[in-house]
Amino acid sequence: RERIFANERKVDASTWQAIHKAQEQDYELCQLIVDSPKRYVTNENYGEKVVYEQSRQGIFRAFIPALLRTRFVVWYHDCLVHPGGRRLYDTLHQFFVSPNMKR
């Protein structure tokens with residue numbers, strides 16, 4: 001079965017590099033991988049290996065470590081022209097996953 005990765009080409013190479021570096025340093029992600037190894041897979045984007053979480057629906061979303069969480073929320077908030085909390089969450093959650101992202 002072909003894996004479906006959430007819009008990996010809509011994010012530029014420098015962002016994938018930043019995600020990769022932050023993931024390497026994220027203790028929380030390491031623990032999640034150890035606890036649920038089948039739920040987390042690695043995929044290469046622009047030469048960077050990035051960890052994805054598989055949803056129950058079979059969609060893979062890039063895992064955003066705590067180090068980058070605020071950066072992603074602020075960037076998407078500005079790009080979507082202040083969409084409101086629910087729309088911002090829905091848009092981010094299409095492509096990315098991060099613990100406590102709903103807050």
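Nothing here was measured: the structure is a model prediction, and the numbers come from that model. Residues: numbered from 1 along the sequence shown.
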With clusters defined by side-chain heavy atoms of hydrophobic residues (ILVMFWY) lying less than 4.5 Å apart, directly or transitively, does [Y] cluster with [X]?
X	Y	result
F95	F63	no
L92	L68	yes
W75	Y46	yes

Problem set entry | Qualifying residue for side-chain contact (heavy atoms from CB on, under 4.5 Å) with K49, from I19, T42, N43 | T42

Exercise. Could you walk me through whether V51 and V41 pass the side chain to side chain contact (heavy atoms under 4.5 Å, CB included) check?
Worked result: CA-CA 6 Å; V51 176; V41 298; over 6 Å; no

Problem set entry | Salt bridge E53-K38, side-chain N to carboxylate O under 4.0 Å | no

Exercise. What's the spacing between N45 CG and T15 OG1 if we round to 0.5 Å?
Worked result: 11.0 Å

Problem set entry | Spatial distance of atom CG (L67) from atom CD (Q25) [nearest 0.5 Å] | 6.5 Å

For this session: Decide ring pair (Phe, Tyr, Trp, His ring centres under 6.0 Å) for F96 and F72; before the verdict, give the C-alpha distance in whole Å, the side-chain angles of both, and the deciding distance to 0.1 Å.
Result: CA-CA 10 Å; F96 308 106; F72 265 76; 4.9 Å; yes

Looking only at heavy atoms, what is the nearest atom pair of [X] and [Y], with distance?
X	Y	result
I64	S98	O-OG, 2.7 Å
P37	V34	CD-O, 3.6 Å
Y52	A62	CD2-N, 3.2 Å

Look at the side chain of [X] and the backbone N and O of [Y], then say whether any donor-acceptor pair between them is shorter than 3.5 Å.
X	Y	answer
D26	L29	yes
Q23	P65	no
R61	H93	yes

Exercise. So, Y40 versus D35: side-chain donor-acceptor pair below 3.5 Å or not?
Worked result: no

For this session: State, yes or no, whether a side-chain contact exists between L80 and R87 at a heavy-atom distance under 4.5 Å.
Result: yes

